[in-house]
Amino acid sequence: LALALKGISYDLVPVNLIKDGGQQFSAEFKALNPMQQVPALKIDGITLSQSLAIINYLEETHPNPRLLPQDPKKRAQVRMIADHIASGIQPLQNLSVLKQMGENKMEWAQNCITSGFQALEQILKHTAGCYCVGDDVSIADLCLVPQVANAERFKVDMSPYPTITRINKALLELEAFKISHPSRQPDTPAELRA
């Protein structure tokens with residue numbers, strides 16, 4: 001999303017988390033990311049992992065369009081929401097965690113997302129404009145859309161979250177979000193494609 005929003009061209013190399021026992025466990029990928037997780041980005045002679053670290057690097061090196069507000073209070077709100085999603089909700093539905101849940105993985109994922117979305121809905125009631133924080137797309141929005149896609153994948157009832165739903169719908173009208181949506185990636189399984 002950040003690459004698309006900032007107009008940075010890139011070559012996508014899919015890493016299938018299931019095929020061949022998980023391509024992230026290959027020696028080649030482990031050399032890129034010792035945590036053996038996606039994403040990893042090679043840029044400007046370095047390799048970065050972790051979504052927020054990558055997005056922040058892109059923000060610092062390609063500042064337009066801005067993904068962090070200039071106002072320090074709004075910037076803190078963007079970071080809070082991004083961390084809420086990227087650290088508080090998303091990791092609990094990673095494949096490595098879900099494997100440990102066995103037959104209860106759907107219920108586990110639903111509970112994690114629901115708990116996180118209950119809090120997030122309350123936060124967004126105070127910060128949202130058109131998007132998560134005001135009327136400009138921010139790093140928080142880049143975290144929200146993939147998490148809503150996960151909620152849909154795990155069949156979470158979105159009706160208790162009208163603010164999240166409204167913001168997600170508005171973001172999906174933007175071209176960068178359309179082309180970067182998880183359901184439109186070349187390695188998306190057929191049953192999850194848009």
Side-chain angles (χ1 to χ4, degrees), residues 1-2 4-5 14-19 22 24 35 37-39 50-52 54-55 67 77-194:
L1 274 167
L5 281 168
V15 177
N16 191 306
L17 303 180
I18 299 171
K19 186 178 178 183
Q24 72 276 24
M35 282 292 290
Q37 298 173 335
V38 293
Q50 299 301 324
S51 297
L52 291 178
I54 291 168
I55 294 168
L67 296 176
Q77 289 172 326
V78 165
R79 288 180 172 138
M80 172 185 67
I81 293 165
D83 282 342
H84 180 88
I85 296 167
S87 299
I89 303 173
Q90 192 279 327
L92 299 172
Q93 323 129 61
N94 273 349
L95 191 57
S96 60
V97 173
L98 291 177
K99 281 183 178 180
Q100 294 180 31
M101 296 298 109
E103 293 177 14
N104 298 325
K105 67 182 172 185
M106 179 70 84
E107 182 182 353
W108 169 264
Q110 289 172 341
N111 288 338
C112 294
I113 296 167
T114 298
S115 174
F117 274 11
Q118 286 170 352
L120 183 59
E121 181 72 16
Q122 296 307 309
I123 292 166
L124 292 175
K125 285 180 182 178
H126 300 286
T127 64
C130 291
Y131 307 119
C132 286
V133 178
D135 296 330
D136 295 314
V137 172
S138 71
I139 293 172
D141 301 299
L142 275 66
C143 295
L144 181 73
V145 169
Q147 185 54 64
V148 171
N150 271 352
E152 292 167 348
R153 181 168 63 110
F154 288 112
K155 300 178 181 12
V156 171
D157 176 12
M158 292 299 292
S159 63
Y161 317 113
T163 310
I164 293 171
T165 301
R166 176 186 59 77
I167 294 167
N168 186 66
K169 184 178 178 183
L171 289 164
L172 291 178
E173 295 295 319
L174 304 175
E175 187 62 22
F177 284 84
K178 287 179 187 176
I179 64 171
S180 300
H181 194 272
S183 67
R184 296 189 69 188
Q185 300 312 300
D187 59 334
T188 300
E191 66 274 12
L192 298 175
R193 287 193 176 275

Exercise for the section: Only counting residues at least two apart or in another chain, list the ones meeting side chain to side chain contact (heavy atoms under 4.5 Å, CB included) with M35. Expected result: N33, Q37

Exercise for the section: Take atom NZ of K155 as the centre, draw a 6.0 Å sphere, and report whether it contains more than 12 heavy atoms from other residues, nucleotides or ligands. Expected result: no

Practice task
Taking all non-hydrogen atoms of both residues into account, name the closest pair between A2 and I55 and its distance.
Solution key: CB-CG1, 4.1 Å

Practice task
Can you see which heavy atom on E121 is nearest to which on P160, and at what distance?
Solution key: CG-O, 4.2 Å

Practice task
State, yes or no, whether a side-chain contact exists between L142 and L171 at a heavy-atom distance under 4.5 Å.
Solution key: no

Completion exercise
CG (L124) and OH (Y161) are apart, to the nearest 0.5 Å, by 12.5 Å

Practice task
Kindly compute the distance separating CE (M80) from CD1 (I85), expressed to the nearest 0.5 Å.
Solution key: 10.5 Å

Handout entry: Spacing of N168 atom CG and Q147 atom CD [to the nearest 0.5 Å]
Key = 10.5 Å

Practice task
Locate the shortest heavy-atom distance separating Q122 from H126; write the atom from each residue and the value.
Solution key: O-CD2, 3.1 Å

Completion exercise
Nearest heavy-atom approach of G129 to R166 is O-NH1, 2.9 Å

Completion exercise
Given the options I81, I139, I167, L144 meets side chain to side chain contact (heavy atoms under 4.5 Å, CB included) only with I167

Practice task
For the pair S115 (side chain) and N111 (backbone), establish whether a donor and an acceptor sit closer than 3.5 Å, ignoring hydrogens and angles.
Solution key: no

Exercise for the section: Evaluate the side-chain proximity of I89 to N150: yes if any heavy-atom separation is below 4.5 Å, no if none is. Expected result: no

Exercise for the section: Give, for atom CD of Q90 and atom SG of C143, the distance between the pair rounded to the nearest 0.5 Å. Expected result: 9.0 Å

Problem - Atom pair CD (Q77) and NE2 (H84), whose distance is rounded to the nearest 0.5 Å - result: 14.0 Å

Practice task
List the atom of P162, the atom of S159, and the distance in Å for their closest heavy-atom pair.
Solution key: CD-O, 3.9 Å

Exercise for the section: Determine whether more than 12 heavy atoms belonging to other residues, nucleotides or ligands lie under 6.0 Å from atom CD of E175. Expected result: yes

Exercise for the section: Verify, without hydrogens or angle tests, whether T127 (side chain) and C132 (backbone) share a donor-acceptor contact under 3.5 angstrom. Expected result: yes

Handout entry: Residue list, side chain to side chain contact (heavy atoms under 4.5 Å, CB included) with S51, at least two apart or on another chain
Key = P39

Handout entry: Close side-chain approach of D141 to F177, heavy-atom, < 4.5 Å
Key = yes

Completion exercise
CD1 (I164) and NZ (K169) are apart, to the nearest 0.5 Å, by 16.0 Å

Practice task
Find out whether D157 and F117 are in side-chain contact, i.e. whether some heavy atom of one side chain is under 4.5 Å from a heavy atom of the other.
Solution key: no

